[in-house]
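First up is the structure itself, then whatever we jot down about it.
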Amino acid sequence: MRDQFTGDFITYEWKWADPVPHIAFLHPGAKAWRDLYVRKCREIMGNYHADAVHLDCTLVMPNVLDRADGLNTIQGNQAFHQDLRTALPDLALGGEGLNEVSCRHEAFAQIHAAFAIIFPGGTPERAGNDSGADCSHPISAYLLSPYTRWYGYLGYPPPDASPLYRTWTRAYESWGVAPTLSTPTLAGLDHPSPDLRARLEEMKLVDHYDLVPDFDSDPTPQTKLVWRGKGGAKLVYDRDDHGGSHVWFADASGQPRTIYRYLRGATTFVGEGTIGEAASYDERGIYGLDPKHTYLCTPGPRPADVPHLLRLPEGTIARGLRTSDDFLLFDLATPPRGIDLRAAFDDAALGVTIDGKDSPLGSQAVFVQSHDTCGGKSMDSLFSHPPWDYEHGVIGEAFAEWTVKVPADGKPALYFSFGLRDGAEKTDGVTFSVRADGKELLRRDWQKCEWLPCRIDLTPYAGRTIKLRFVIGKGPTGRGGFAWSCWGEPRIIVDPLPQPLSLDLLTPAKALSAAGPAGPAHVEFVAAEGKLFRHHVETQAPGATCLIFRKPAPISLPLDLLKAPFTWASVIDGAAIPPQDRPAYLSATPGEGTCGGETRPAMVTHPPIGGVTAIDYLVTLPAGTPAHLAFACGLQDGSKSTNGVAFIVEVNGQEVSRQVAAAADGWHPGEVDLTPYAGQTILLSLVVDSLGDASYDWSRWSQPRIEPR
């Protein structure tokens, strides 16, 4: 088929492949093609005795002028399905997405979750879009459900891709999508993760009770969808108060039981259930949750024999907890307070300034919420364009103005990035400016399709109500062509000040000492509780606190860390993945690395999706001898990491070095001065952070060693 306006062939392109394939769309009205397709399907069914076939791209129906064998594309699509049905009457047909033409012929169809995913940086790697999942609505599933049942899209991530899988699943919960298991493995089924166990339970219930979505039921306001089946059984998907989900089942007895919960939007959950190896919990609830993350909470008692923090104050986040026979390290955060200007965009006054006079938004000016990509990096943003006249080009400025009260305590600052959206490379420039009560705080002419991070100190306005105005206008030269202007993640933030913190925790051994963010921390043994030991700690947050249970003999310098004893853990959502649940791709083992064509002895590591892998060494440094850590780091040659890796060195959980390798571009040397810790027992950690996506994050630490300084 050809485009009716350009005459070009209509093709499907997977732009990230090398070389890029061009897959042609054939006119379904062509009888020769339909006959060939049906004949091949009959051969396949005869050889393999399958009971269903998936038809790809059935949601696509190009509108072209040409007819094939007298049929337009819609008529050809109908004829194609009818030919298959006549030739193979007992075969179930499935498709990819649906339209109102093909739905009557397909018993099953994959459904995309387009609003629940984003492609950061314009790459094929995906990330969850929780705000999109929150908006999912079953209208299309309701309208087409008399004809078709929905199941998961081919690209639906497996349960071990937890952040993306959970966001995608939350969207599917509203649409009556049959519980789908993507790319299962025998190893995964033999040792199922918590997400996989919950998915298998759903599948068993749907199969055993013949459950089907009931779009006509009269649900409660929090109900997403109800599935009904034999004997009055029902599977219910409810929303919770913070944006998560509660999935529960009831049979003929009517007694409900929880299948799983997704927890979001709060730091504390009060109720029954457990989150894998949660970092902080007691008999009352689970604490230290990050409101921006989605946690899987499954039925069952919380483990009493696992080291963990007890109750944390409301608003405190457990960023990480890892432990061994020698130490326990916990890292706490107190989120910054502030004002998200993008979220408050509905409260902003929008307008244009032409010839020095403000007026309502018009003259083709634009200021809208968006999600934009500049220089290959995507973020939530505000898209703007100044007022435009075809004869004169840009004729003024466009603005968004918020009336905000700047927080009074701490050091408030305005954070944002600005840039021109990718595709505006032919721009002749724009001018970004920010004003507070009419006073210009920033002015910058800009011609690049890339983000420029900015910080503006608002301390002079602390405690005051001000009018904060973002302005976009024509640059110093030209007509303001391609003025596709983006303001990335604008917000006023007050960084948290250190606060004293008292807490109790259960450890695998008695602590000899503790180190907190500001130095030594007070730790006190309270009592033995079963196999664990209860301690009380006086420390502060935010920051990491390390309890040490053993003091090894001082090391001899130099010390080759590739030959030294270590423990390792991969941490997601604040807690370490239990060894038995670690995906096979995670690693931390001495070996070799090749970066920039140079092969060296190295620690071979790989971080998890949305988390870190940490290699921990408990060492006592010699007294009176200055020492330093020397190393090099890099991504293994051949890595196609989409967003790079952060290589971090920590001492007692405090970050002392960070390098980001954006690509496989050779070895990057590094050094950390350890002289301030002479004579002390410390926890020295080599950490790799996936920065989100973990694909091809083949991280290598070359020859890490502690040497005399």
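Starting from 1, each residue takes its place in the sequence as its number. Because the structure is predicted, anything quoted here is derived from the model rather than measured.
- Annotation: side chain of Phe416 is not in contact with side chain of Leu382 (no heavy-atom distance under 4.5 Å).
- Heavy-atom minimum distance, Pro138 versus Trp175: CA-CD1, 3.6 Å.
- A distance-only check finds a donor-acceptor pair linking the side chain of Tyr295 to the backbone of Asp290 [under 3.5 Å].
- No hydrogens or angles considered: a donor-acceptor pair under 3.5 Å links the side chains of Tyr415 and Arg455.
- Residue Asp573 holds its CG atom at 10.5 Å from CG of Leu263, rounded to the nearest 0.5 Å.
- In this structure, Ser136 contributes its side chain and Gly132 its backbone to no donor-acceptor pair below 3.5 Å.
- Note: His308 and Tyr281 have parallel aromatic rings, judged against thresholds of 30 and 60 degrees for the angle between ring planes.
- Looking only at atom types and distance, the side chain of His246 has a donor-acceptor partner in the side chain of Thr258 under 3.5 Å away.
- Note that the CD atom of Glu538 and the CD atom of Glu524 stand 9.0 Å from one another [nearest 0.5 Å].
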Query raised in the report: What's the verdict on side-chain contact (heavy atoms from CB on, under 4.5 Å) for Thr403 and Asp347, showing C-alpha distance, side-chain angles and the deciding distance?
Result: CA-CA 8 Å; Thr403 300; Asp347 299 326; over 6 Å; no

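- Pro157 and Leu164 get closest at one heavy-atom pair: CG-CG, 3.8 Å.
- Relative to the six-membered ring of Phe533, Lys510 misses at least one condition, a distance below 6.0 Å or an angle of at most 45° to the axis.
- Side-chain contact check for Asp693 and Ser695: at least one donor-acceptor pair (N or O, by modelled atom type) lies under 3.5 Å.
- Taking CD of Glu283 as the reference point, atom CG of Leu310 lies at 8.5 Å (rounded to 0.5 Å).
- By the 4.0 Å N-to-carboxylate-O rule, Asp504 lies close enough to Arg534 to be salt-bridged with it.
- Remark: side-chain polar atoms of His535 are paired, donor with acceptor, to backbone N or O of Ala511 under 3.5 angstrom.
- At distances below 3.5 Å, not a single donor-acceptor pair connects side-chain atoms of Thr459 with backbone N or O atoms of Asp457.
- Under the 30°/60° scheme for interplanar angles, the aromatic rings of Phe566 and Tyr617 are found to be tilted.
- A ring-centre distance under 6.0 Å is found for Tyr156 and Tyr172.
- Counting heavy atoms from C-beta outward, Leu200 and Leu181 have side chains that approach closer than 4.5 Å.
- Of the possible polar contacts, one joining the Thr180 side chain to the Ala178 backbone as a donor-acceptor pair under 3.5 Å is found.
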Query raised in the report: Do Thr298 and Arg197 pass the side-chain contact (heavy atoms from CB on, under 4.5 Å) test, and can you show the C-alpha distance, the side-chain angles, and the key distance before you say yes or no?
Result: CA-CA 9 Å; Thr298 54; Arg197 287 195 292 269; over 6 Å; no

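- You'll find the side chain of Leu329 reaches within 4.5 Å of the side chain of Cys546, heavy atoms only.
- The number of heavy-atom neighbours closer than 6.0 Å to CG of Asp190, taken from other residues, nucleotides and ligands shown, is above 12.
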Query raised in the report: side-chain contact (heavy atoms from CB on, under 4.5 Å) between Thr167 and Ile117: does it pass, once the steps are laid out?
Result: CA-CA 8 Å; Thr167 302; Ile117 59 171; over 6 Å; no

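- The shortest non-hydrogen separation linking Asp697 to Pro607 is O-CD, 3.5 Å.
- When atom types are taken as modelled, the side chain of Arg342 and the backbone of Glu489 share no donor-acceptor pair closer than 3.5 angstrom.
- To the nearest 0.5 Å, atoms CG (Asn129) and OG (Ser378) are separated by 11.0 Å.
- For Arg322 and Glu650, the salt-bridge test passes: some basic side-chain N is under 4.0 Å from an acidic carboxylate O.
- The pair Asp282-Arg311 meets the salt-bridge criterion, with a side-chain N (NZ, NE, NH1 or NH2) lying under 4.0 Å from an Asp/Glu carboxylate O.
- The heavy-atom pair separating Pro407 from Ile492 by the smallest distance is CD-CG2, 4.2 Å.
- Ion pairing of Arg261 with Asp240 is absent here, as no side-chain N (NZ or NE/NH1/NH2) approaches a carboxylate O to less than 4.0 Å.
- Trp451 contributes no side-chain N or O that, together with a main-chain N or O of Gly488, makes up a donor-acceptor pair within less than 3.5 Å.
- Side-chain contact between Leu691 and Val645 is absent, with no heavy-atom pair separated by less than 4.5 Å.
- With ring centers used as reference points, Trp227 lies 6.0 Å or more from Phe249.
- You'll find the side chain of Ile548 stays beyond 4.5 Å of the side chain of Leu683, heavy atoms only.
- Not one N or O on the side chain of Asp326 forms a donor-acceptor pair closer than 3.5 Å with the backbone of Phe549.
- For the salt bridge (charged side-chain N to carboxylate O under 4.0 Å, His left out) test with Asp130, the passing option among Arg166, Arg170, Lys292 is Arg170; the others fail.
- Closest approach of Ser417 to Pro453, counting heavy atoms only: OG-CA, 3.5 Å.
- Within 6.0 Å of atom CD in Glu272, 12 or fewer heavy atoms from other residues, nucleotides or ligands are found, so the atom counts as exposed in its surroundings.
- Interatomic distance, Leu332 CG to Leu321 CG, rounded to the nearest 0.5 Å: 9.0 Å.
- In this structure, Thr334 and Ala541 approach most closely via the heavy-atom pair CG2-CB, 4.1 Å.
- Around NE2 of His536, the count of heavy atoms belonging to other residues, nucleotides or ligands within 6.0 Å exceeds 12.
- When atom types are taken as modelled, the side chain of Thr539 and the backbone of Leu501 share no donor-acceptor pair closer than 3.5 angstrom.
- Residues Leu686 and Val649 are in side-chain contact: their nearest non-hydrogen atoms beyond the backbone lie under 4.5 Å apart.
- Leu506 pairs in a side chain to side chain contact (heavy atoms under 4.5 Å, CB included) with only one of the listed residues (Val306, Asp305, Leu532), which is Leu532.
- Side-chain contact between Pro517 and Thr545: present, with at least one pair of heavy atoms (C-beta onward) separated by less than 4.5 Å.
- Donor-acceptor pairing under 3.5 Å is recorded for the side chains of Glu314 and Thr267.
- Residues Ile609 and Tyr585 form a side-chain contact, since some pair of their non-hydrogen atoms from C-beta on lies under 4.5 Å apart.
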Report task. May I have the step-by-step check of side-chain contact (heavy atoms from CB on, under 4.5 Å) for Leu547 and Leu505, ending in yes or no? Result -> CA-CA 11 Å; Leu547 277 64; Leu505 69 161; 4.1 Å; yes

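- In this structure, Thr613 contributes its side chain and His606 its backbone to a donor-acceptor pair below 3.5 Å.
- Here the CG-CZ distance, from Asp616 to Phe327, works out to 3.5 Å after rounding to the nearest 0.5 Å.
- Residue Phe115 qualifies as open at atom CZ: its count of foreign heavy atoms under 6.0 Å is 12 or below.
- In this structure, a donor-acceptor pair under 3.5 Å is absent between the side chains of Asp195 and Ser193.
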